[in-house]
Protein chains: 2
Amino acid sequence: MARDSEATRARILDAAEAEFAAYGIAGSRVDRIADAAQANKALIYKYFGTKDELFDAVFAHRVLAFVDEVEFDATDLPGYAGRSFDLYERFPTTLRLTTWYQLERPDGKLPAIVASNDAKLAKIEEAQRAGRLTSAYSPLELLTEVRALAMSWHLHTPELALVRRPSRARCREIVVESVRRLVAQA
Amino acid sequence: MARDSEATRARILDAAEAEFAAYGIAGSRVDRIADAAQANKALIYKYFGTKDELFDAVFAHRVLAFVDEVEFDATDLPGYAGRSFDLYERFPTTLRLTTWYQLERPDGKLPAIVASNDAKLAKIEEAQRAGRLTSAYSPLELLTEVRALAMSWHLHTPELALVRRPSRARCREIVVESVRRLVAQA
DNA sequence: CTAAAGCAAGTAACTAGTTAGTTGTCTTTT
DNA sequence: AAAAGACAACTAACTAGTTACTTGCTTTAG
């Protein structure tokens with residue numbers, strides 16, 4: 001090992017994350033990433049391959065960190081929604097990256113994400129069987145609605161953002177409360 | 001062959017809608033739009049200006065048609081969510097265009113959308129004053145959550161889409177029911 | 001000395017936007 | 001009614017700049 005390639009990789013990854021979050025895959029410029037990372041463009045290709053592959057590396061990195069950070073408890077979905085909300089507030093780029101990913105890589109399936117989803121669905125099913133969670137909805141149905149509510153405040157169109165948003169605490173409270181109502185036993 | 005600028009404009013708009021929905025602004029190619037519309041590229045610039053302006057025209061056109069089609073009734077938000085769901089199912093490009101718009105035009109504010117939002121917020125407030133709608137949430141809060149629920153099934157990551165979705169009717173039912181629970185008087 | 005890290009300088013292909021000119025249609029003049 | 005003029009619709013070819021990706025060489029650490 002001659003120089004510190006790990007540090008260079010990390011700088012590239014950071015710069016790429018900011019670039020991709022801002023402009024998406026098609027809109028991002030590899031030159032800009034190289035400049036921001038203070039690294040040579042050829043290194044990007046050497047370490048990460050094509051632009052698409054660089055995006056995948058960035059996305060997997062960020063999303064796994066995200067998934068790791070928010071603990072999933074099927075018997076407390078309101079709490080899970082609240083913690084998800086907190087992370088969306090703390091790392092706004094995550095949701096942007098995810099959205100670009102959905103739009104620009106509709107066929108991509110990251111194994112780690114698939115596994116994480118499967119684990120959550122299984123936990124929901126288990127909680128339902130134990131009678132600790134409503135069975136009015138299937139696991140997929142529950143996960144879908146809980147997620148939508150957790151990110152509801154971050155899906156605003158520019159136009160709605162003109163109206164003054166409630167305080168962060170209030171937004172969080174609403175997310176938690178609406179999930180509580182969702183899973184409340186009728 | 002008679003010349004008909006209206007028809008040409010319409011063909012360009014249609015082709016541009018498909019292109020932008022698929023690739024976003026940065027990823028779209030004006031040449032591809034011209035080919036698909038069987039129109040010359042220069043006409044696009046003549047009729048619509050720059051690529052960004054073409055996107056705005058496409059977006060305004062589609063979104064206004066969408067907004068016009070779904071009737072808003074503040075005293076029946078579950079019904080409104082259900083009808084929104086129906087339209088997302090019928091015109092899948094609408095949500096894609098909206099998402100590209102949020103990501104790529106964060107500063108854009110289409111007056112028609114602002115007006116439509118204001119009208120909805122006012123109607124919610126009125127329904128609340130009349131006691132025909134819960135006052136547990138502010139108008140903006142209600143609109144935010146109802147919208148998130150209405151589009152919950154269309155926000156899936158590619159990975160979650162691997163799990164088989166319930167039937168359309170069932171998804172709709174869930175959307176309506178979850179909004180009902182949201183607005184239910186505690 | 002050597003192997004890997006790093007870089008300047010390319011290149012081929014692409015892309016938004018322009019230009020200068022042609023074709024079809026409607027209006028005016030005789 | 002027919003020729004002439006006016007004007008809008010339309011087009012092929014182009015420009016100037018950009019972009020992803022590569023090559024061949026230099027530098028550095030062990």
Side-chain angles (χ1 to χ4, degrees), chain A residues 1-61 97 100-101 103-108, chain B residues 1-61 97 100-101 103-108:
Chain A
M1 228 170 298
R3 296 181 217 177
D4 193 347
S5 69
E6 260 328 298
T8 307
R9 273 183 79 101
R11 284 204 317 278
I12 292 173
L13 221 51
D14 280 355
E17 177 169 342
E19 177 81 8
F20 283 130
Y23 303 106
I25 301 178
S28 286
R29 299 296 166 243
V30 179
D31 285 285
R32 259 196 314 240
I33 294 173
D35 280 357
Q38 300 194 68
N40 191 275
K41 188 163 50 152
L43 290 178
I44 295 178
Y45 289 95
K46 189 173 186 172
Y47 294 151
F48 296 101
T50 66
K51 186 163 80 157
D52 279 7
E53 288 167 341
L54 175 59
F55 178 86
D56 285 350
V58 164
F59 182 64
H61 179 262
L97 282 176
W100 290 117
Y101 177 70
L103 287 172
E104 300 193 280
R105 302 233 103 191
D107 301 323
Chain B
M1 167 158 129
R3 292 178 166 191
D4 184 346
S5 71
E6 255 336 290
T8 306
R9 270 183 81 100
R11 284 203 317 280
I12 292 172
L13 221 51
D14 280 356
E17 178 169 342
E19 177 81 8
F20 283 129
Y23 303 106
I25 300 177
S28 285
R29 298 294 167 247
V30 180
D31 286 286
R32 251 189 330 234
I33 294 172
D35 281 356
Q38 299 193 68
N40 191 277
K41 186 161 57 147
L43 287 180
I44 295 178
Y45 288 95
K46 180 170 182 160
Y47 293 151
F48 296 100
T50 67
K51 186 163 81 155
D52 279 6
E53 289 167 342
L54 175 60
F55 179 86
D56 286 350
V58 164
F59 182 64
H61 179 262
L97 282 176
W100 291 117
Y101 178 71
L103 287 172
E104 300 192 281
R105 303 235 102 191
D107 301 324

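Reckoned from all heavy atoms, side chains included, excluding hydrogens, waters and symmetry mates. Just so we're on the same page: letters track the sequence lines, and every chain starts at 1.
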Short side-chain N/O contact from A:Arg29 to OP1 or OP2 of D:dT18, under 4.0 Å: no
Under the side chain to side chain donor-acceptor pair (under 3.5 Å) test, residues paired with B:Asp52 that sit two or more places apart: B:Arg105
CD1-NZ distance between B:Ile25 and B:Lys51, expressed to the nearest 0.5 angstrom: 8.0 Å
Distance in Å, A:Ile12 CD1 paired with A:Leu43 CG, rounded so as to fall on 0.5 Å steps: 5.5 Å
From CZ (A:Arg11) to CG (A:Asp14), nearest 0.5 Å: 10.0 Å
Distances for protein N or O near nucleotides 12-17 of chain D N or O, under 3.5 Å:
{"unit_1": "D:dA12", "atom_1": "N7", "unit_2": "B:Asn40", "atom_2": "ND2", "d": "3.3"}

Within residues 43-56 of chain A: residues closer than 4.0 Å to DNA chain D (heavy atoms): A:Tyr45, A:Thr50, A:Lys51
Closest non-hydrogen atom pair, A:Ala36 against A:Ala15: CB-CB, 3.9 Å
Straight-line distance of A:Glu19 CD to A:Arg29 CZ, nearest 0.5 Å: 8.0 Å
Euclidean distance, atom CG of residue A:Asp31 to atom P of C:dA8 [Å, nearest integer]: 13 Å
Where at least one partner belongs to residues 8-52 of chain A, residue pairs that pass ring pair (Phe, Tyr, Trp, His ring centres under 6.0 Å), sequence neighbours excluded: A:Phe20-A:Phe55
Under the side chain to side chain donor-acceptor pair (under 3.5 Å) test, residues paired with A:Glu17 that sit two or more places apart: A:Arg62, A:Thr93
Sorted by number, the residues of residues 8-26 of chain A with heavy-atom contact under 4.0 Å to DNA chain C: A:Thr8
Name of the residue among A:Thr50, A:Leu54, A:Ile44 meeting side-chain contact (heavy atoms from CB on, under 4.5 Å) with A:Val30: A:Ile44
CG-NZ distance between B:Asn40 and B:Lys46, expressed to the nearest 0.5 angstrom: 11.0 Å
